[in-house]
Amino acid sequence: MTKTAPVEATDDERITPALWGMASILTLGGVMSMFTSTVVNVALGTVSEKLDAPLGTVQWIATGYLIALAAMVPVSGWASRRYGATKLWLVCVGLFAVFSALSAMATSIEMLIVFRVLQGVTGGLLVPAGQILFAVAAGPKRLGRMMSVLSIPIYLAPVLGTLFGSMLTEGLGWPWLFLVNVPVSVISLLLGWKWLPREAPTGAQPLDWPGLLLAVVGLPLLVYGVSEFGESGGHAGAMQLIPTIAGAILLVAFTLNALRSNHPLLNLRLFRDSGFSSAAVVIFCMGIALFGAMIVLPLYYLDVRHESLVDTGLLTAPLALGTVAALPLAGKLTDKIGGARVILAGLIITIIGTVPLALITESDSYWWLSAVQIVRGVGIGLTTTPALATGLVMVPKEQFSHAMPIFNMLQRIGGSFGTSILTVIVAFQLANTSPGTAAGAASAIAYTHWWIVGVTAIVLIPSVILVRAEARRRREAAAA
C-alpha cells in the first residue's frame, strides 16, 4: 500500500489542496452509496417482471438494502477505531463494487436480495467512515466548509436516483442499476488508495458485544417497523406493530447498556453536553421535516396534477438544488460565526419556504412552486449540515467516531418517523377530504405541510439553546 503523509487537523483556517482532494474522493464514494439506495425504486416493477417474482418480494431489494445500511451505522465508529477509517473505507469501496456486479448478474430474486443486503452492509460502513476520516482531518476551524461538501450526496441522491433509475432501466435494462456502481467504485478505490491519508488505528477497546447485538438488531427493526406502519396508512395490525415495539425496546436496552458499560459501542454520555444534545435534537427533527416531506410534495404532482414519475422527479428537483446551492455558504458561515446562528436563520428560512406549500391549491404555477422549493432548500442547507458540524465541534476529536454514528442514527430514525407519520396524516386526509377530487387531494397535501411547519418551528427551541451553548464555549476558549 502506497504510503502518504497523513492530513493532520490544525488551527489553520485555509483549505489545502490535500483537503480538497480528500473531499472529492470521499464525496465520490458517498454519492455511490446514497445513489444506489434510491435508484432501484423506480424499477421494482421491471425487476418483478424480468425475474418472475411478486412485487411484495421484489421490494426487499430496496428494503433489505436500507435495513442493512441502518444496521451498520452503529458499528462504523468501532470499526473505524479498530482498523482505521481509511482502511475501512477502502475495503468497503472494493466490496461495494463486487456486490454491485453480483447484483447485476443475479438470476433469481433470492440471489438479488442477498447481494443487495451485502451491498447495504458495505454502504452502511462506507459513508460514516469517510465522514469520521474527513472530520478529523478538517479540524474545528474548517469543519463547516468541508462537511458541507460531504453532505452533497445526501441531498442529490433522491433526485439523481429517480431520474437515472428511469433512464437506465428503460435504456439499458435493470442490471445497469447496479453495474453503474462498478466503474465509480473502481475509480474511487484507485484514487483513495493513492491519496487518502493512512492514519493509524487508535487501538479500539474491546468490542461491546451486547451493545453490538442490541444496536444491529434494534435499529433496523425500528426503522423497518415504522416504515411498514407508514405504508399501511396507520392501519397496521398487532403483528405489524411487533417490529416497531421490539426495535424500540432493544434500543432502550442498548441505551442502558451503553450508559453502564466501560467500553460502550457508542458513547451516549456525550449527551450530557447541552450543545451536543441540542445539535442532536436539531438533526433528529430535521430528519423528520426533510425526509418525511419528500413523500408529500411528489404526491401532489402525481395525484393532483397527474404528472409522470420522471416529470415528478424533475419538478421536485428544485428542493435539492436549493439545498446544494446553500451548502457552501452554510459551511463558510459556520466556520466564521459559528453554526448555531446559521441554524437559527436556516430554520426561519425553511419555515418561510414551507408555509406556501401549506397553502397549495390544485392550480398553483409550477414556476411558483419551484421558487418556493428553492427557498425551502436553502433553509434546509443552512440547517442540517451546520448542525452536524456544530455538534462535532462540541466534542473532542477522539470522540468523533462516537458522535458521527450517533448523528447518523438520529437522522435515519427521524427520517423513518417523519415518513411514517406524514404518510399516515396525508393518507387520512386524502380519505376524508373530498376524496377523489383534485381540490380535496390538494387540500390534504396542504394540511400535511402544516405539520411540517410545526415540526420545523419546534426545532427553534433547541437551536436557541445551541446558540447559548456555542457562545459559552467561545467565551471559555477565549478566556483560556
Residue pair Phe284 / Gln411, side-chain heavy-atom distance below 4.5 Å: no
Identify the two heavy atoms, one from Met404 and one from Leu392, that lie closest to each other, and give their separation to 0.1 Å. CE-CD1, 3.4 Å
Is the closest side-chain heavy-atom distance between Leu369 and Leu315 below 4.5 Å? no
Enumerate the residue pairs fulfilling ring-ring contact (aromatic ring centres under 6.0 Å, His included) with a member in residues 299-329, sequence neighbours excluded, ordered by first and then second residue. Tyr301-Tyr366
Looking at OG1 of Thr456 and CD1 of Ile380, how far apart are the two atoms once the value is rounded to the nearest 0.5 Å? 7.5 Å
Are side-chain heavy atoms of Ile406 and Asn267 found at a separation under 4.5 Å? no
Decide yes or no for Leu219 and Pro74: does some side-chain heavy atom of the first lie under 4.5 Å from some side-chain heavy atom of the second? yes
Would Asn408 and Gln131 count as a side-chain contact (heavy atoms from CB on, under 4.5 Å) if you check the C-alpha gap in whole Å, the side-chain angles of each, and the deciding distance to 0.1 Å? CA-CA 10 Å; Asn408 274 287; Gln131 291 175 326; 3.0 Å; yes
A side-chain contact here means heavy atoms from C-beta on lying under 4.5 Å apart; do Trp89 and Leu26 qualify? yes
Regarding Thr350 and Arg376, is there a side-chain donor-to-acceptor distance under 3.5 Å anywhere? no
Answer yes or no: is there a donor N or O on one side and an acceptor on the other, between the side chain of Glu362 and the main chain of Ser443, under 3.5 Å? no
Using a 3.5 Å cut-off and no angle test, enumerate the donor-acceptor pairs between side-chain atoms of residues 111-119 and protein atoms at least two apart in sequence or in another chain.
| from | atom 1 | to | atom 2 | distance (Å) |
| --- | --- | --- | --- | --- |
| Arg116 | NE | Ile61 | O | 2.7 |
| Arg116 | NH1 | Thr36 | O | 3.3 |
| Arg116 | NH1 | Thr36 | OG1 | 3.2 |
| Arg116 | NH1 | Gln119 | OE1 | 2.8 |
| Arg116 | NH2 | Thr36 | O | 3.3 |
| Arg116 | NH2 | Ile61 | O | 3.2 |
| Gln119 | NE2 | Ser100 | OG | 2.7 |

Show your reasoning for whether side-chain contact (heavy atoms from CB on, under 4.5 Å) applies to Ile452 and His449. CA-CA 5 Å; Ile452 300 170; His449 275 102; 3.7 Å; yes
Heavy-atom closest pair, residues Val455 and Val459: O-CG2, 3.2 Å
Rounded at 0.5 Å granularity, tell me how far CD1 in Ile132 sits from NZ in Lys397. 14.0 Å
Treating Thr385 as the side-chain partner and Gly381 as the backbone partner, does any N or O pair qualify as donor plus acceptor under 3.5 Å? no
Please report the interatomic distance CH2(Trp78) to CG(Leu125), rounded to the nearest 0.5 Å. 10.5 Å
Determine yes or no for a side-chain-to-main-chain donor-acceptor pair under 3.5 angstrom, with Thr323 supplying the side chain and Gly377 the backbone. yes
For Leu265, does its backbone N or O pair with a side-chain atom of Asp208 as donor and acceptor, under 3.5 Å? yes
To check you understand the geometry: which heavy-atom pair defines the closest contact between Ala71 and Val216, and what is its length? O-CG1, 3.4 Å
Does Leu299 form a side-chain contact (heavy atoms from CB on, under 4.5 Å) with Val426? I'd like the steps, not just the answer. CA-CA 9 Å; Leu299 289 176; Val426 75; 3.9 Å; yes
Val93 vs Val186, test: side-chain contact (heavy atoms from CB on, under 4.5 Å). Steps then yes/no. CA-CA 8 Å; Val93 169; Val186 171; over 6 Å; no
d(Ser188 OG, Asn181 CG) to nearest 0.5 Å is 10.0 Å
Phe96 to Thr122 - nearest heavy-atom pair and separation: CD1-OG1, 3.4 Å
Between atom CG of Leu266 and atom CG of Leu268, what is the distance when rounded to the nearest 0.5 Å? 6.0 Å
Show the nearest heavy-atom pair for residues Ala85 and Ala129, with the distance to one decimal. CB-O, 3.7 Å
Looking at Thr86 and Pro197, would you say the former's side chain and the latter's main chain have a donor-acceptor pair under 3.5 Å? yes
Check Ile288 against Leu422 and note the closest heavy-atom contact, atom names and distance. O-CD1, 4.3 Å
Does some side-chain heavy atom of Ile374 sit less than 4.5 Å from a side-chain heavy atom of Leu321? no
Are any non-hydrogen side-chain atoms of Pro405 and Ser76 less than 4.5 angstrom apart? yes
Distance, nearest 0.5 Å, that separates NZ of Lys87 from CG of Leu196: 14.0 Å
Looking at side-chain heavy atoms only, is the closest gap between Leu251 and Leu214 below 4.5 Å? no
